[in-house]
Amino acid sequence: MFKKVLIANRGEIAVRILRACREIGIDTVAVFSEADRQALHVRLADEAYLLGPAQSRDSYLRMDKLLDIARKSGADAIHPGYGFLAEREDFAEACTERGITFIGPKASSIAAMGDKMTARETVRKAGIPVVPGTEDIGNLRDEDLLGIARQIGFPLLIKATAGGGGKGMREVSNLDEMPELLKSARREAESSFGDGNVYLEKLVEGARHIEMQVLADEQGNVIHLNERECSIQRRHQKLVEESPSSFLDEELRRKMGEVAVKAAQAVDYVNAGTIEFLVDKERNFFFLEMNTRLQVEHPVTEMVTGVDIVKEQIRIARGRPLSYRQEDIKINGAAIECRINAEDPFNNFIPSTGRITHSLLPTGPGVRIDTGVYPGFEITPFYDPMISKLIVWGETRAQAILRMRRALEEYRIVGVRTNIPFHQMLMDSHRFMAGQYDTRFVEERFAIADESDPAMMEIAAVLATLAAHQQAQRSAQLVQRNERDTSNWKWVGRWERMHR
Amino acid sequence: MFKKVLIANRGEIAVRILRACREIGIDTVAVFSEADRQALHVRLADEAYLLGPAQSRDSYLRMDKLLDIARKSGADAIHPGYGFLAEREDFAEACTERGITFIGPKASSIAAMGDKMTARETVRKAGIPVVPGTEDIGNLRDEDLLGIARQIGFPLLIKATAGGGGKGMREVSNLDEMPELLKSARREAESSFGDGNVYLEKLVEGARHIEMQVLADEQGNVIHLNERECSIQRRHQKLVEESPSSFLDEELRRKMGEVAVKAAQAVDYVNAGTIEFLVDKERNFFFLEMNTRLQVEHPVTEMVTGVDIVKEQIRIARGRPLSYRQEDIKINGAAIECRINAEDPFNNFIPSTGRITHSLLPTGPGVRIDTGVYPGFEITPFYDPMISKLIVWGETRAQAILRMRRALEEYRIVGVRTNIPFHQMLMDSHRFMAGQYDTRFVEERFAIADESDPAMMEIAAVLATLAAHQQAQRSAQLVQRNERDTSNWKWVGRWERMHR
Amino acid sequence: MKYVTTIEGKEFTVEILDEKHIRVNELVLEMDFMAVSGQPVYSLLIDGKSYEAYVYPEEKDWQVLLRGRQYQAQVEDERKKRLKTAGGLSAEGGEFHLKAPMPGLVVAIPVNEGQVIQKGQVLVILESMKMQNELKAPRDGTVHRIRVKPGESVEQRQPLLNIL
Amino acid sequence: MKYVTTIEGKEFTVEILDEKHIRVNELVLEMDFMAVSGQPVYSLLIDGKSYEAYVYPEEKDWQVLLRGRQYQAQVEDERKKRLKTAGGLSAEGGEFHLKAPMPGLVVAIPVNEGQVIQKGQVLVILESMKMQNELKAPRDGTVHRIRVKPGESVEQRQPLLNIL
């Protein structure tokens, strides 16, 4: 049974895993790039080792260095988190070869589900419905894909075979624009996964993205922890997740849960995984893909089921049976997660970098924050722009929405721009409140409101004027002081007093 | 039904109440003393009004000003929080007279329970066991008390009739020391409550302090939300609270709950209240007093029952029936609260004042923080030294303790000294882990450990040396720079760059 | 001091009377304004109402993030503004400089120098934080000078191209 | 630079070799030391182990709060310490000044000038934050000079009395 876990990741998920280890009493080894020396996961870990330069390919994607650090530090298990090497079967394989427990599924399950085309075929054979699309396996050339596209019909999606997280995904509305989009999808897939291979899938209109969390142990027990509703997306990136989904009834939930368990069994799955489904307006559901790792949005499931998914992952990896049977899993209340990103919602959601000079976290009842940053930390352009995950729990979905509004209003982040205003407007939107949305809602039917409340505009004007006035007065004082030719020493003293 | 609530309090509890109001959609009016202009409750409220100078008697205890602000702002309800005016029947009365809803019990219930001697008599008549002690009602002179003391026997407790929170409480072990202790108890009671009246109670040795949370509506429904274990105290101040108590079994829990409901009914109680009991080694329980208000430690109950007690208070005050029946109340997992105070555990727990220059909150799964401070805020000597309440939830008590350890280890507060090290050592103590403690545990059988781990001492030595070395180098540079006679303007620029 | 502050084309006259009083559009208001914990986060109490906003200068304007909305304010000394207007100076128009909002890699520049472009049209695709970000034209105009090439790495605020 | 650092009577010789290396009691260690977010909170990586501590000077000592324990360290330049020891100077003993740890009201002074007192004996009772706080003697000694009276309000760090 392993005693020391190397966490092959960074940011909030590294901190999340570290916390689970600490609460179980397992030592933690953090790794960091040169840009992350002061990151929270380094500060909180028992041990921490430098991987290399900031670029992921020189640090967090370096299997050789990770395995070397595991050896050096005596870590006997590795948790990959999500992203980076989490879904690389060669990494899982390499860990196993060296006698290091990989906290995740077997390499063969990763391989079976990692190649999205193979995965579609595998589950289809197990009798699970899949979205119509490419049915071949292997590297398809653009000419082939253009032919298949005509058969599937438009609109359709280009997806990276090695994909995940919306990277290398493109929507195509007609044949003409397809060659150019194939090129850019392949380029993005190549840069994200080192694999430019893509496949096609029919775009199901008005569909919702709903996924089922599964847990499976080495004894062959497989259970599901119900669903997460992830339809609030922008550019195929999830922004808000909920559990339960207001779109499912008990019957559909049970059916999808059963299918999810079957899909996991089809690849002999062990550990935590997620089956993503598209659910159309008529409540038909189709297998999309399986994520063979911990998901960003796992906390909403934790908040309504009480199950600590990361602790359960560790338990499973230690060879123990699941702590829960299917009938132990109940949905208690409702949870919502907002991903707080460093990006500017008033300017096309362009990522924002810089130092977080100040922040005030919303706290109090029913609020959870998972983050890897703190005031003084710098958001760099090297990694994804997520600052934190804000998760709330309420006795009902309505109460969770009201609590999320309250939490968003309290949240202050100074130094970078954030998408908090976007989330605020979303929580105020009637369609969101009514649960009436699909995966296109944000891009097609939701806009950052343009008209301002005149009373608020006046307050904003007063605030700007007072701040400008204060600044003008301060610079006037500075000039006066300088003219008095105060000695440097006095100056420093005064400056220190001013900034105390 | 009221629409705007004035919160007649400050600090974490003002913020807690404000959050509940906001989540229900009720406007909030904050009040503040001159020392609290930048306090969090002022920053977060919809409206905020100055009460007066820093001293409580000139601000938070000024009924006239509070009622005046309520009138001016159009607040049609007042939530008193805890402390200050929360248990003053004249304040509840004055609100009612002005047509303002007092979010709490009727003035008559406060009066019946507020005078601790009257309360003892009232519940005794209802057939509830009380701790042996003074049986008369009214102002007793020292001579009378010395006589009664002889009958009760030593050790005994002097308690403030108007008391609460350990203020004006003294332990007496023999008759000789009693006159001096009466004097100091009366002085503290006078300064805390404006009432120097005291009474006596036998000191039950080896007892635990366990309280039951009750909720009662205007329709006559009374339920309890199970117990809180509050035996971890220092100088009669609670430091750590838990729910459930590891000392109770289902049978005793049910009995104490029934008695608590009966005690509330004896004074025709409405809204949230707490019945405090002493439970001796043989599991006999005695009524101590009733707190006719929200308790500091209410979050542990919220975390295991899922009931939002402050929202329920508002609901009750609006004349609605309780949202729960007794059979709806279940205990889910275990919760622990640590009160994080600005005080020095290595120096006799002396309060520490100053500006919090930096803080890092523990976050993640199962962690809740209720606080009224933030980095940059100053802890002044005018109010109680509580910085925050750190509350954790776990599936079991053991998991909650492990999570609390993790959270305490993450928590950083720079600028004032805190009792976090005390809590860390407590969570590591075998007796606490085993649940083997009573109200004297902290003072009599727990000590801040004296022996240091030699390896940690070496690390501490390295840290001190490196910090000292860095400081020495920096001042050397400063002198050199000064010698170069750089102009003031360049200086400021450099200084700014250094401190960015 | 009297200021004219413009937000979304609407002018507000704000006169600072003393430390605790201002006049806004002829109405005298009691107020209390202060920075919180040494940051550009300001707490404003105005006639009892409590507001908190993140206020900071950017280029020549002031940005105000208040209750989930971002306002761009031009604050001008009323006297100077009067003079300027009298002189017929225009604050509008002129050249627009597209700068990199973050460090990144220029993936594509789907416009050419001299090309007439419309508001919202994509000018540069910049890869950063593993995402492709489209930088769009804030107004109609003509591409004047392109200063970078596809494949080039750029620093934050580095000029990419100009629009006339 | 070579330092001798004393904690709880135990001496540690710490030599700073360069930015990344130190020698502690003859053992060369690789380390990385930095202040976090401009605060006296330091992150130390030493031979892979990660430590974080709050380190700040107080009077002539350094306070280190590390993993829930408070350490008081005297850091001395090894050369100066050697000279001092050779000259027979003692760093111990001397007068102790009891200062108010916080603003408050002096409630009682249960000792008199000239009184012989023991370590742990209550010297002053100070009311602050609505609590009565007992200020105790840190060592045995004699009360030398009492500078305040019961009923007097005192500021933080105001001298209350001396012990010889």
Side-chain angles (χ1 to χ4, degrees), chain A residues 56 165 167 184 187-188 191-192 235 237 342-354 357-358 360 379-385 408-409 412-414 417 420-425 428 449 452-454 456-473 499-500, chain C residues 1 3 5-8 10-12 14 16 22 24-25 29 31 33 35-42 44 46 49 51-57 61-75 77 101-104 107-108 125-136 156:
Chain A
S56 305
K167 305 259 161 60
S184 82
R187 188 172 51 220
E188 200 172 289
S191 91
S192 299
R235 306 210 295 188
Q237 295 275 0
E343 56 190 22
D344 186 353
F346 301 105
N347 184 15
N348 201 27
F349 290 88
I350 292 233
S352 174
T353 56
T357 56
H358 177 72
L360 186 67
I379 304 286
T380 64
F382 303 111
Y383 316 109
D384 76 59
L408 289 166
E409 193 168 330
R412 311 261 187 281
I413 298 172
V414 178
R417 301 202 173 196
I420 290 173
F422 162 81
H423 287 300
Q424 288 183 292
M425 287 177 214
D428 281 346
S452 298
D453 172 359
M456 275 304 136
M457 234 199 288
E458 183 171 301
I459 298 296
V462 169
L463 282 158
T465 312
L466 290 169
H469 178 69
Q470 204 172 70
Q471 194 197 46
Q473 285 197 313
H499 288 76
R500 218 168 253 171
Chain C
M1 273 301 275
Y3 295 90
T5 297
T6 314
I7 295 182
E8 294 170 26
K10 199 164 151 48
E11 287 190 359
F12 298 88
V14 182
I16 317 250
I22 53 171
V24 186
N25 295 342
L29 299 169
M31 66 91 199
F33 175 75
V36 169
S37 65
Q39 288 290 325
V41 175
Y42 294 90
L44 171 68
I46 187 160
K49 300 273 182 295
Y51 300 95
E52 194 163 292
Y54 176 21
V55 187
Y56 56 98
D61 295 338
W62 286 83
Q63 298 288 337
V64 180
L65 185 63
L66 172 66
R67 297 210 177 156
R69 293 197 61 87
Q70 181 102 15
Y71 301 90
Q72 193 164 327
Q74 292 83 50
V75 182
D77 184 318
M102 65 237 156
V107 174
I125 299 176
L126 190 66
E127 189 176 297
S128 187
M129 287 170 161
K130 295 195 169 175
M131 286 197 294
Q132 307 224 341
N133 303 287
E134 297 178 339
L135 309 185
K136 297 179 179 176
Q156 191 164 13

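In what follows, chains carry the letters A, B, and so on, assigned in the order in which the sequence lines appear, proteins first and then strands, with residues in each chain numbered from 1.
For chain A, no part of C:D77 is nearby; none of its heavy atoms comes within less than 4.5 Å. The parts of C:Q70 that come within reach of chain A are both its backbone and its side chain, each placing non-hydrogen atoms under 4.5 angstrom from that chain. Neither the backbone nor the side chain of A:I420 comes within contact range of chain C; no heavy atom of the residue lies under 4.5 Å from a heavy atom of that chain. C:Q74 does not touch chain A: none of its heavy atoms, backbone or side chain, sits under 4.5 Å away. Using a 4.5 Å cut-off between heavy atoms, C:L126 does not touch chain A at all. Only the side chain of C:I22 has a heavy atom closer than 4.5 Å to any heavy atom of chain A.
Judged by distance alone, the side chain of C:Q63 and the main-chain N or O of C:Q72 form no donor-acceptor pair under 3.5 Å. Side-chain N or O atoms of A:R412 include one that pairs as donor or acceptor with a backbone N or O of A:E409 at under 3.5 Å.
Minimum interatomic distance between A:A467 and C:V55 (heavy atoms only, all atoms of both residues): CB-CG1, 3.6 Å.
Between chain C and the options A:H358, A:Q424, A:H423, heavy-atom pairs under 4.5 Å are most frequent for A:H358. For the set A:R187, A:M457, A:Q470, the entry with the most heavy-atom pairs within less than 4.5 Å of chain C is A:M457. Chain C forms the most heavy-atom pairs under 4.5 Å with one residue out of A:M456, A:Q471, A:E343, and that residue is A:M456. Chain C forms the most heavy-atom pairs under 4.5 Å with one residue out of A:S184, A:A464, A:P351, A:P421, and that residue is A:P351. Interface summary for chain C: among A:T353, A:L463, A:L408, the most heavy-atom pairs under 4.5 angstrom belong to A:L463. The greatest number of non-hydrogen atom pairs below 4.5 Å with chain A, out of C:M1, C:E52, C:K10, is found for C:E52.
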inquiry  = Does A:S352 form a side-chain contact (heavy atoms from CB on, under 4.5 Å) with A:I379? I'd like the steps, not just the answer.
reply    = CA-CA 8 Å; A:S352 174; A:I379 304 286; over 6 Å; no
side-chain contact (heavy atoms from CB on, under 4.5 Å) between A:K167 and A:Q237, intermediate numbers included = CA-CA 8 Å; A:K167 305 259 161 60; A:Q237 295 275 0; 3.9 Å; yes
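Taking the six-membered ring where tryptophan is involved, the planes of C:F33 and C:Y42 are essentially parallel, since the angle between them stays under 30° and well short of 60°.
Interatomic distance, CD of C:E8 versus OH of C:Y71, reported as 7.0 Å (0.5 Å rounding).
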